[in-house]
Amino acid sequence: MAESVHLDRRGVLFVLSSPSGAGKTTISRKMLAADPDIALSISATTRPPRPGEVDGKDYHFVDVASFKKMAADGEFLEWAHVFGHRYGTPRARVEELLDAGKDVLFDIDWQGAQQLYQEAGPDVVRVFVLPPTMEELERRLRARKTDSDEVIAARMARAANEISHWDGYDYVLINDDVDACYGEVAAILRAERLKRRRQIGLIGFARDLIRSVPDADTTI
Ligand SMILES: Nc1ncnc2c1ncn2[C@@H]1O[C@H](COP(=O)(O)OP(=O)(O)OP(=O)(O)O)[C@@H](O)[C@H]1O
Ligand SMILES: Nc1nc2c(ncn2[C@@H]2O[C@H](COP(=O)(O)O)[C@@H](O)[C@H]2O)c(=O)[nH]1
């Protein structure tokens with residue numbers, strides 16, 4: 001049997017954004033459970049932890065002074081104010097994951113997606129997740145039972161603004177059925193991984209194939 005070929009490729013910076021409650025975290029968890037080649041960028045935030053959230057796993061929960069220092073020291077790839085708190089993507093973990101040959105998953109808002117795209121351009125794949133209806137969005141926020149009525153009202157009030165940025169994304173999906181939506185997200189990631197520009201060794205591999213033909217006609 002012929003030896004299998006392995007080509008190195010550039011890592012994908014895979015962004016999921018949506019209005020709060022549309023299902024990013026749910027889809028992210030499915031991706032991370034199913035695919036060992038992608039890992040989550042763990043954000044720092046000044047928001048207090050929700051019940052069940054674990055420091056260092058869901059977020060790095062920090063106070064405002066620490067967050068400001070991290071931002072001033074250039075530790076964030078991007079950061080933004082969201083729902084009255086600060087959220088940012090620590091640069092070091094992303095670089096470590098990419099160096100280790102992993103793709104990186106980002107659960108960040110539209111401001112973060114824009115900044116990341118400015119930093120990393122075509123390595124970034126941006127996916128926006130829409131809820132089927134605004135009523136269902138509110139139902140999901142309530143069903144999650146993690147936020148007070150005030151917090152839910154503030155997130156619903158902000159949802160239309162978040163949705164208005166849908167056209168800054170490469171893909172826009174409707175999360176009606178979560179398994180179907182996850183299937184679409186997984187298909188996008190598979191296809192993006194195969195893009196020609198990400199295959200680092202492809203030029204040499206194709207050139208060697210051509211050269212291995214003794215009397216190849218390489219005229220155009
Ligand atoms: N397709 C779906 N149908 C029904 N419920 C769903 C669906 N997708 C997600 N949910 C539920 O909706 C709630 C909100 O989902 P999730 O926490 O993943 O949203 P999110 O976009 O990450 O929100 P946030 O931005 O606030 O972190 C959860 O209780 C989740 O189980
Ligand atoms: N720009 C960034 N946005 C982030 C980051 N981490 C999370 N988020 C977004 O904030 C809201 C609220 O999140 P929640 O956990 O409080 O519900 C949501 O849209 C996240 O995507 C980040 O590092 N940068």
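In this chain, residues are counted from 1 in sequence order. Numbering of ligands and ligand atoms starts at 1, following listing order. Just so you know, these numbers use all the heavy atoms, side chains as well, and skip hydrogens, waters and symmetry mates.
For ligand 2, the polar-atom distance check finds no N/O of Ser20 at less than 3.5 Å from any of the ligand's N/O atoms. At least one N or O atom of Gly88, backbone or side chain, sits closer than 3.5 Å to an N or O atom of ligand 2. Inclusion of Arg144 in the set of residues having an N or O under 3.5 Å from an N or O of ligand 2 is not warranted. Polar contact check, Gln111 against ligand 2: no nitrogen or oxygen pair lies under 3.5 Å apart.
Using a 4.0 Å cut-off to heavy atoms of Ala80, the atoms of ligand 2 that qualify are 1 (N). For ligand 2, the atoms lying closer than 4.0 Å to a non-hydrogen atom of Gly112 are 1 (N). Which parts of ligand 2 touch Ile108 is read off a 4.0 Å heavy-atom cut-off, strictly below it: atoms 2 (C), 3 (N), 4 (C), 5 (C), 8 (N), 21 (O), 22 (C), 23 (O), 24 (N). Heavy-atom proximity to Arg155, at under 4.0 Å, picks out these atoms of ligand 2: 12 (C), 14 (P), 16 (O), 17 (O). Within ligand 2, the atoms closer than 4.0 Å to a non-hydrogen atom of Thr89 are 23 (O), numbered from 1 in the order shown. Heavy-atom proximity to Arg47, at under 4.0 Å, picks out these atoms of ligand 2: 14 (P), 15 (O), 16 (O).
Residues forming a ring-ring contact (aromatic ring centres under 6.0 Å, His included) with Phe67 (at least two apart in sequence, or on another chain): Phe76, Trp79. Residues satisfying the ring-ring contact (aromatic ring centres under 6.0 Å, His included) criterion with Phe14, sequence neighbours excluded, are absent altogether. Remark: Phe205 pairs with no residue by the ring-ring contact (aromatic ring centres under 6.0 Å, His included) rule, at least two apart or across chains.
When heavy-atom distances to ligand 2 are checked against a 4.0 Å cut-off, Lys24 comes that close only through its side chain, counted from C-beta outward. If you look at Arg50 next to ligand 2, the close heavy atoms, those under 4.0 Å, all belong to the side chain. If you look at Gln115 next to ligand 2, there are no close heavy atoms at all, none under 4.0 Å.
Put simply, the side chain of Pro48 reaches to within 4.5 Å of the side chain of His85, judged on heavy atoms. With a 4.5 Å cut-off on side-chain heavy atoms, Met134 and Ile163 count as touching. You'll find the side chain of Gln114 stays beyond 4.5 Å of the side chain of Arg126, heavy atoms only. Asp170 is not listed as a side-chain neighbour of Phe128, based on a closest heavy-atom distance of 4.5 Å or more.
For the pair Gly74 and Arg91, the tightest heavy-atom approach, listed with the atom from each and the gap, is O-NE, 3.2 Å.
Of the protein's non-hydrogen atoms, the one nearest atom 21 (O) of ligand 2 is Asp107 OD1, 2.7 Å. Ranking protein heavy atoms by distance to atom 11 (C) of ligand 2, first place goes to Val82 CG1, 3.7 Å. Atom 6 (N) of ligand 2 has its closest protein heavy atom at Ser43 OG, 3.1 Å. Summary of contacts: the protein heavy atom closest to atom 1 (N) of ligand 2 is Asp109 OD1, 2.8 Å. Nearest to atom 24 (N) of ligand 2 among the protein's heavy atoms is Glu78 OE2, 2.7 Å.
Around atom 13 (O) of ligand 2, the closest heavy atom drawn from Phe83, Phe76, Tyr59, Trp110 belongs to Tyr59.
Between Arg139 and Glu135, none of the side-chain N atoms (NZ, or NE/NH1/NH2) sits under 4.0 Å from a carboxylate O, so this pair counts as no salt bridge. Ion pairing between a basic and an acidic side chain is recognised when a charged N comes within 4.0 Å of a carboxylate O; Arg142 and Glu138 show such pairing. Ion pairing between a basic and an acidic side chain is recognised when a charged N comes within 4.0 Å of a carboxylate O; Arg50 and Asp58 show no such pairing.
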Exercise for the section: Please test Arg93 against Val104 for side chain to side chain contact (heavy atoms under 4.5 Å, CB included), starting from the C-alpha separation and ending with a verdict. Expected result: CA-CA 9 Å; Arg93 175 172 167 86; Val104 187; over 6 Å; no
Handout entry: Arg193 and Arg9: CA distance, side-chain angles, deciding distance, side chain to side chain contact (heavy atoms under 4.5 Å, CB included) verdict
Key = CA-CA 8 Å; Arg193 282 173 169 162; Arg9 65 171 176 82; 3.2 Å; yes
Using a 3.5 Å cut-off on N/O to N/O, what pairs does ligand 1 make with the protein? A line per pair would be great.
unit_1: ligand 1; atom_1: 1 (N); unit_2: Arg140; atom_2: NH2; d: 3.4
unit_1: ligand 1; atom_1: 1 (N); unit_2: Asn175; atom_2: OD1; d: 2.9
unit_1: ligand 1; atom_1: 1 (N); unit_2: Asp176; atom_2: O; d: 2.9
unit_1: ligand 1; atom_1: 1 (N); unit_2: Val178; atom_2: N; d: 3.3
unit_1: ligand 1; atom_1: 3 (N); unit_2: Arg140; atom_2: NH2; d: 3.3
unit_1: ligand 1; atom_1: 8 (N); unit_2: Asn175; atom_2: ND2; d: 3.1
unit_1: ligand 1; atom_1: 17 (O); unit_2: Arg144; atom_2: NH1; d: 2.9
unit_1: ligand 1; atom_1: 18 (O); unit_2: Thr25; atom_2: N; d: 3.3
unit_1: ligand 1; atom_1: 18 (O); unit_2: Thr26; atom_2: N; d: 2.8
unit_1: ligand 1; atom_1: 18 (O); unit_2: Thr26; atom_2: OG1; d: 2.5
unit_1: ligand 1; atom_1: 19 (O); unit_2: Gly23; atom_2: N; d: 3.2
unit_1: ligand 1; atom_1: 21 (O); unit_2: Ser18; atom_2: OG; d: 3.4
unit_1: ligand 1; atom_1: 21 (O); unit_2: Gly21; atom_2: N; d: 3.4
unit_1: ligand 1; atom_1: 21 (O); unit_2: Ala22; atom_2: N; d: 3.4
unit_1: ligand 1; atom_1: 21 (O); unit_2: Gly23; atom_2: N; d: 3.0
unit_1: ligand 1; atom_1: 21 (O); unit_2: Lys24; atom_2: N; d: 3.0
unit_1: ligand 1; atom_1: 21 (O); unit_2: Lys24; atom_2: NZ; d: 3.0
unit_1: ligand 1; atom_1: 22 (O); unit_2: Thr25; atom_2: N; d: 2.8
unit_1: ligand 1; atom_1: 22 (O); unit_2: Thr25; atom_2: OG1; d: 2.4
unit_1: ligand 1; atom_1: 23 (O); unit_2: Gly21; atom_2: N; d: 2.9
unit_1: ligand 1; atom_1: 23 (O); unit_2: Arg144; atom_2: NH1; d: 3.0
unit_1: ligand 1; atom_1: 25 (O); unit_2: Lys24; atom_2: NZ; d: 2.6
unit_1: ligand 1; atom_1: 26 (O); unit_2: Ser20; atom_2: OG; d: 2.6
unit_1: ligand 1; atom_1: 26 (O); unit_2: Arg144; atom_2: NH1; d: 3.1
unit_1: ligand 1; atom_1: 26 (O); unit_2: Arg144; atom_2: NH2; d: 3.1
unit_1: ligand 1; atom_1: 26 (O); unit_2: Arg155; atom_2: NH1; d: 3.0

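Looking at Asp123, its side chain never comes within 3.5 Å of a backbone N or O of Leu13 through a donor-acceptor pair. Arg86 places no side-chain N or O within donor-acceptor distance of the main-chain N or O of Thr45, the cut-off being under 3.5 Å.
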